[in-house]
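Atom set for the values below is all heavy atoms of this structure, side chains included, hydrogens, waters and symmetry mates excluded. Chain A is the first sequence line, chain B the second, and so forth, proteins listed ahead of strands; every chain is numbered from 1. Quick caveat: nothing in here was measured; it's all calculated off a predicted structure.
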Amino acid sequence: MTFWLLLTVNSVTFGGLLFLLSAGFSLIFGLMRIPNLTHGSMFMVGAYLGTTFLSGALGFKLNFWVAAILASVEVAILGALMERLLLRRLAGQPLAQVLVTLGVSFMVADLCLMAWGGDPISVATPPGFAGFVRWGGAAFPLYRMAVIVIAVVFAAALWLMLDRTRLGAMIRAGVDDPQMARVVGIRVSQLFTIVFALGAGLAGFAGMIGGPILSVYPGLDQDMLPLALVVVILGGTGSLLGSFVGSIIIGFIYNFGQALLPELAYFILFLPMVLVLLLRPQGLFGGQIL
Amino acid sequence: MSRKPTSGKVSSGKVSSGKVSRRAVLAGTAAGAAVALGRFPNPAIAQSEPFKLGLLTVKTGPLAQGGIQMEQGVLTYLKEKNYTLGGRKVDFVSADTGGNPAGTKTKVQELVERDRVDVILGPLAAFELLAISDYVKEQKMPTLSLAAADNLTQRNPNPYLLRASACSSQAMHPMGHYAATELKLKRVVTISEDFAFGYEQMGGFQAAFQKDGGCVTNKLWPPLVTPDYTPYVAQISDVDGVCQGFAGSNPLRFMKAYASAGLKYQVVTGQTGADDALLKSFGDEALGLVSCCPYTLDLENAANQRFVDAIRKDYDVIPGFYAAGLYVNCMVVDAGLKAVGGDASDKDKFMTALKGVSLNDTPRGPIKFDHLNNVIGNFYIRRVVDEGAKYGLKLWNKTIKTYENVSQFWVWPEAEFLAHPVYSRDYPPLTKC
């Protein structure tokens with residue numbers, strides 16, 4: 001019983017983390033039609049920056065949550081710069097854009113290695129969240145429960161933004177049909193920058209939130225990127241609902257697959273992606289942004 | 001996804017701290033090319049040329065942590081000896097394999113055929129070593145590897161390979177013995193990465209642990225890339241101990257997931273799972289972790305003090321198994337080269353001299369080699385504690401027992417040991433318990 005409870009809670013936690021990572025990936029994919037292969041790097045850079053603010057290496061020590069938000073803002077700025085300075089120049093050439101994001105991800109990995117060294121950095125659980133919640137004889141780490149809450153709050157905020165605001169309406173229009181959006185006077189290129197920055201910022205935030213669970217180490221980027229890809233292909237590109245449902249599904253498959261059929265862990269993880277590509281290439285919720 | 005390997009070339013005297021400017025690299029490469037052009041088959045001048053020491057390491061990608069330490073270990077020894085080994089000036093060439101077999105193959109060919117090195121140190125990972133094992137045999141290139149693949153010094157020995165660190169299962173044998181006899185563990189579940197180094201470690205633990213009355217209840221094999229170990233940790237129950245064999249940054253995440261699941265069973269591990277270099281990254285979740293390692297930062301002998309002081313001064317790092325392993329490899333090369341009077345041109349003679357090396361004062365204590373070229377040396381059982389930590393650390397691997405002169409065959413006669421298949425995912429098999 002404890003086994004199932006622990007795995008279920010962990011599946012939702014991991015799904016929540018994946019949602020923070022993949023929501024931005026999905027929006028960028030939906031709007032700009034490119035898989036942003038630097039998304040894993042944004043996750044890692046966010047975590048590295050956050051741990052630096054935490055450690056006091058810069059002469060000041062920040063609270064965990066402030067560090068996470070600050071890291072997220074910085075990664076968002078990096079994302080905006082990358083979109084403006086690199087991807088903008090290759091507008092209309094998706095292949096070149098994908099290759100540029102791949103190249104940048106390698107460069108970022110080596111720059112991080114230079115800046116932070118190869119040693120893994122462990123991120124302390126924020127004070128007040130280090131304990132356990134006892135329930136039905138099982139102990140659930142408080143922090144992992146907090147991650148679920150954070151993911152739900154972010155999902156709600158993103159949904160409100162997309163559904164209720166003018167910006168959200170413009171993004172939906174851009175995802176739906178960029179040409180038509182342009183015709184009706186929406187500055188789609190400006191949307192690109194905003195969405196790219198938003199996606200990058202979310203990934204950076206996820207990196208820091210994931211820190212106490214995953215720690216930060218060289219290679220974290222390449223560990224997370226395939227998971228984001230699987231989620232987005234499963235859920236459908238450009239769909240917020242898709243990435244939410246996809247994240248939870250992958251969270252469950254990842255946890256239960258590894259626990260029950262460890263020999264087939266990777267097979268089970270990628271099987272739904274293959275099936276979806278074969279049977280419903282647009283993904284479970286492809287075409288519906290919300 | 002592979003990264004393009006890069007290589008840096010460092011000439012003796014140009015570098016003192018390991019920081020290489022682009023200019024120095026270019027100058028070094030140019031000088032190397034000039035030497036290569038002017039090379040004639042003239043044994044008379046062989047002695048006056050510098051001895052060429054090649055290193056295969058990993059400086060980019062996920063394995064870089066250990067790889068960078070390997071280079072620091074070499075440079076620390078060279079600096080201590082003023083870039084002179086066995087009476088000869090040393091040219092040091094470092095190559096970055098990128099941590100993949102194809103890159104290792106390319107780089108070993110560059111070292112042998114372009115740089116014409118006299119000896120190779122490295123590579124780091126077993127799959128890298130397996131990729132080049134046939135090539136170094138064919139080229140008769142003395143290779144002092146850190147990689148641990150058991151069979152290369154057991155059932156499928158390579159005469160040009162010398163292992164001064166430990167084979168994969170070597171540290172796990174004493175760990176199994178200690179777990180059964182002193183920690184009094186009865187039922188243990190093993191968990192390690194799903195690759196050869198993991199299988200061989202866990203096999204060694206199981207064989208030794210069961211020999212002394214313990215029983216392994218289950219073996220878990222997470223993939224090398226496992227962001228969250230909780231699904232595996234959730235499967236641990238009805239035991240009194242856990243043996244983990246993780247490497248790189250994985251021990252850190254495993255111990256975190258283990259503590260977050262609220263588990264309290266004793267955890268034991270081998271040479272990588274509680275590496276001294278990880279001490280600064282570990283948190284309280286690692287307290288009580290017992291490990292067995294061929295090197296311990298805690299060892300108080302003159303050689304270790306010299307090594308630790310030097311590497312801390314030059315690089316401001318806490319050395320672990322990787323740095324110490326390469327430092328010891330350099331000591332072996334130094335002693336072997338001395339034994340042949342500085343003449344490494346006859347590869348077989350040089351190799352025989354290297355095998356004959358026996359040192360008493362190394363950072364890991366006394367070492368010698370068996371006839372299959374694997375080290376016989378001390379293995380240290382340590383426990384992670386939060387008292388008595390040195391060098392500004394909060395946690396410390398405190399040595400609690402030393403097993404002396406441990407060979408790769410542990411307590412079994414060689415013939416009996418070699419008659420078994422190599423340790424694998426399914427060997428030894430699980431028994432009812």
Could you tell me whether a side-chain N or O of A/S122 sits under 3.5 Å from a main-chain N or O of B/F282, the two making a donor and an acceptor? no
Heavy-atom pair of closest approach, residues B/P227 and A/L214: O-CD2, 3.0 Å
Of the backbone (N, CA, C, O) and the side chain (C-beta and beyond), which part of A/N10 lies under 4.5 Å from a heavy atom of chain B, both, or neither? side chain
Heavy-atom proximity to chain B below 4.5 Å, by part of A/L7: side chain
Counting neighbours of NZ on B/K313 that are heavy atoms of other residues, nucleotides or ligands and sit closer than 6.0 Å, is the number greater than 12? no
Of the non-hydrogen atoms in B/S260 and A/P141, which two are nearest, and what is the gap between them? O-CG, 3.0 Å
Check A/S215 against B/R253 and note the closest heavy-atom contact, atom names and distance. OG-CG, 3.4 Å
Stepwise, does the side-chain contact (heavy atoms from CB on, under 4.5 Å) test hold for A/Y254 with B/T230? CA-CA 10 Å; A/Y254 179 86; B/T230 310; over 6 Å; no
I need the minimum non-hydrogen distance between B/D228 and A/Q258, along with the two atoms involved. O-OE1, 4.1 Å
Closest heavy-atom contact between A/A259 and B/P231? CB-O, 3.5 Å
Contacting moiety of B/L278, where chain A heavy atoms sit under 4.5 Å: side chain
Looking at B/Q69 and A/D119, what are the two nearest heavy atoms and their distance? NE2-OD1, 4.3 Å
Which residue out of B/G248, B/G283, B/P223 racks up the most heavy-atom pairs below 4.5 Å with chain A? B/P223
Highest number of heavy-atom pairs under 4.5 Å with chain B among A/P120, A/C112, A/G118 belongs to A/P120
With a 4.5 angstrom heavy-atom cut-off, which part of A/L227 approaches chain B: side chain, backbone, both or neither? side chain
Just give me the residue among B/L220, B/I68, B/T226 that pairs up with chain A most often, heavy atom to heavy atom, under 4.5 Å. B/T226
Tell me, out of A/P212, A/A124, A/G257, A/G117, who's got the most heavy-atom pairs with chain B below 4.5 Å. A/P212
Flag yes if more than 12 heavy atoms outside B/Y427 fall under 6.0 Å of its OH atom; otherwise flag no. yes
